[in-house]
Protein chains: 2
Amino acid sequence: MSCVVTFKEKGFKLTPQRKLIMDIIHDDEAHLTIEKIITYVQERMPGVHKSTIYRTLELLEKTGCVYKSELGNQFIYHHPEEGHHHHLVCRKCGKSIDCDEDIFAPVERSIGAKYGFHIDFKHVIMSGLCKECRRKTS
Amino acid sequence: MSCVVTFKEKGFKLTPQRKLIMDIIHDDEAHLTIEKIITYVQERMPGVHKSTIYRTLELLEKTGCVYKSELGNQFIYHHPEEGHHHHLVCRKCGKSIDCDEDIFAPVERSIGAKYGFHIDFKHVIMSGLCKECRRKTS
DNA sequence: ATTATAATTACGACCAGGTGCAATAACAAT
DNA sequence: ATTGTTATTGCACCTGGTCGTAATTATAAT
């Protein structure tokens, strides 16, 4: 894994705890919540304290080894090599579909032009109503 | 306030605690954090329990009497009659500027067309780099 | 292989936010 | 005005997440 190299190059120590957490996020293609990560870690290496896990995740995020995005009121962790995309989640039926990465391009452009801000939309999770639920509700 | 009427029509009781919380949100044009709301409530009506405040805010949000948006890691409450707009926050200098309401219109349209989802962007808070900080950093 | 040292860990304490429950109070009907 | 009913409150407690600290351990230097 390239991120292990990056990680050590930045002067951080590769402890077994950190390695395990990296492995879990690397191997699991699903979207991992903190809860799941804590469970998996403690299954494979009992005694690891929750604060270690929280601090490791924070560090991995800072070093770019892990991406964190927000889904509803939870956070989700995933490997950066996954394709970047956004998510559409239906607030009625819960269905979630992936959404094209550059859907926000026009917004990024107009914010740049009008306000001078540079915004980078990454892994945005949008809550709304899907086609079916819109039909049923109205 | 129209929301008091709406609120009672939906069958909820208008307790002094609820009235006070509504008043505070209605009168304050600034963006109120939960912390501030708790402080103000307990100043004017000592003894009100924090759980009452949390539950009231949740209920007011559900009934549409109050809007809740997210700024960084905090939540902010405001009156629905306020003009809708988004926020641009610079992650370097912290500066925050208001952003036109319909900046997301093209995204809403293309998500509707491509995926059939209906997304309503309300009070979105975007973190990025402002003009000055972009110049300095690069 | 040993040792030095600086980062990292587990622990415990703490805080914000949330929940179940018995006591209380708002409102409707008389 | 009184009463009954049901929502709402305050309380106690729980949980997730954060932080300071002493003990531990990964790594580099010898």
Side-chain angles (χ1 to χ4, degrees), chain A residues 1 3-25 31-63 65-66 68-77, chain B residues 1 3-25 31-77:
Chain A
M1 281 192 294
C3 47
V4 173
V5 182
T6 321
F7 193 75
K8 296 194 78 175
E9 271 168 2
K10 293 193 180 172
F12 297 109
K13 295 180 178 171
L14 189 66
T15 64
Q17 293 93 330
R18 286 175 177 174
K19 183 72 173 47
L20 174 58
I21 293 172
M22 282 186 190
D23 284 349
I24 287 173
I25 293 172
H31 284 199
L32 288 166
T33 58
I34 298 202
E35 258 187 307
K36 284 192 202 164
I37 295 174
I38 293 179
T39 308
Y40 295 160
V41 169
Q42 295 181 341
E43 262 170 30
R44 293 211 233 162
M45 195 187 281
V48 176
H49 201 265
K50 57 177 180 163
S51 66
T52 303
I53 300 174
Y54 281 106
R55 280 195 266 234
T56 301
L57 288 171
E58 201 188 336
L59 182 64
L60 291 175
E61 201 203 339
K62 260 196 223 153
T63 52
C65 298
V66 155
K68 178 183 179 184
S69 26
E70 203 188 343
L71 170 48
N73 39 7
Q74 286 200 314
F75 286 108
I76 273 174
Y77 294 85
Chain B
M1 281 192 295
C3 46
V4 173
V5 181
T6 321
F7 193 76
K8 297 196 76 176
E9 271 166 3
K10 292 191 179 171
F12 297 109
K13 294 180 180 171
L14 189 66
T15 64
Q17 294 93 330
R18 287 176 175 174
K19 184 69 173 50
L20 174 58
I21 294 172
M22 283 187 188
D23 283 350
I24 286 172
I25 293 171
H31 284 195
L32 288 166
T33 59
I34 296 203
E35 260 187 306
K36 283 193 203 165
I37 295 174
I38 293 179
T39 309
Y40 295 160
V41 168
Q42 294 181 341
E43 263 169 29
R44 295 212 230 161
M45 196 187 279
V48 175
H49 202 265
K50 57 178 182 157
S51 66
T52 303
I53 299 173
Y54 281 107
R55 278 194 273 231
T56 301
L57 288 171
E58 200 188 335
L59 182 64
L60 290 175
E61 201 202 340
K62 260 196 223 153
T63 51
C65 298
V66 155
Y67 269 45
K68 179 183 179 183
S69 25
E70 203 188 342
L71 169 48
N73 40 7
Q74 287 201 313
F75 286 108
I76 273 175
Y77 294 85

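Within every chain, numbering begins at 1; the chains are lettered A, B, ... in the order of the sequence lines, protein sequences first and strands thereafter.
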Query raised in the report: Hey, is the side chain of K13(B) poking within less than 4.0 Å of OP1 or OP2 on dT9(D), counting only N and O atoms?
Result: no
Report summary line: When rounded to whole Å, the CD to P distance for the pair Q17(B) and dA25(C) reads 9 Å
Query raised in the report: From the list dC19(D), dG17(C), dT8(D), which nucleotide is the closest neighbour of the side chain of R55(A)?
Result: dC19(D)
Query raised in the report: So do the side chains of M22(A) and L60(A) get within less than 4.5 Å of each other, counting heavy atoms only?
Result: yes
Report summary line: In whole angstroms, the gap separating P of dG17(C) from CD1 of I38(B) amounts to 6 Å
Query raised in the report: Taking NZ from K19(A) and C1' from dT27(D), how many angstroms apart are they, rounded to a whole number?
Result: 17 Å
Report summary line: Atom CE of M22(B) and atom C1' of dT8(D) are separated, to the nearest Å, by 14 Å
Query raised in the report: Which whole-number value in Å describes the distance from L20(B) CG to dT9(D) P?
Result: 12 Å
Query raised in the report: CG of L57(A) versus P of dG16(D): gap in Å, rounded?
Result: 15 Å
Query - Spacing of CG belonging to L57(A) relative to CD1 belonging to I25(A), to within rounding of 0.5 Å - result: 5.0 Å
Query raised in the report: Quick one: which of dT8(D), dG18(C), dT8(C) gets closest to the side chain of F12(B)?
Result: dT8(D)
Query raised in the report: Considering heavy-atom distances to DNA chain C, does E58(B) or L14(A) have its closest nucleotide positioned more toward the 5' end?
Result: L14(A)
Query raised in the report: Atom CD1 in I38(B), atom NE2 in H49(B): separation rounded to 0.5 Å?
Result: 10.0 Å
Requested in this report: Output yes when at least one side-chain N/O atom of T52(A) is less than 4.0 Å from OP1 or OP2 of dA10(C), else no.
Outcome: yes
Requested in this report: Grab the NZ-C1' distance between K10(A) and dT27(D) for me, whole Å please.
Outcome: 19 Å
Query raised in the report: T15(A) side chain N/O closer than 4.0 Å to the phosphate oxygens (OP1, OP2) of dT9(C)?
Result: yes
Query raised in the report: Closest to the H49(A) side chain: dA16(C), dG12(C), dT19(C)?
Result: dG12(C)
Query raised in the report: When rounded to the nearest 0.5 angstrom, what is the spacing between NZ in K62(A) and NZ in K68(A)?
Result: 11.0 Å
Requested in this report: Assign E35(B) to base, sugar-phosphate, or nothing according to its heavy-atom contacts below 4.0 angstrom with the strands shown.
Outcome: nothing
Query raised in the report: So what does G47(A) hit on the nucleic acid, given a heavy-atom distance under 4.0 Å: a base, only sugar-phosphate, or nothing?
Result: sugar-phosphate
Query raised in the report: Quick one: K50(A) NZ to dC19(D) C1', roughly how many Å, whole number?
Result: 11 Å
Query raised in the report: From dA6(C), dT9(C), dT8(D), pick the nucleotide closest to the side chain of R18(B)?
Result: dT8(D)
**Report entry** Sub-4.5 Å side-chain heavy-atom contact between L32(B) and Y40(B)
**Finding:** yes
**Report entry** Y54(B) side-chain N/O to dG17(C) phosphate OP1/OP2 under 4.0 Å
**Finding:** yes
Query raised in the report: When we call it a touch if two heavy atoms are under 4.0 Å apart, what does S51(B) touch: a base, just sugar-phosphate, or nothing?
Result: base
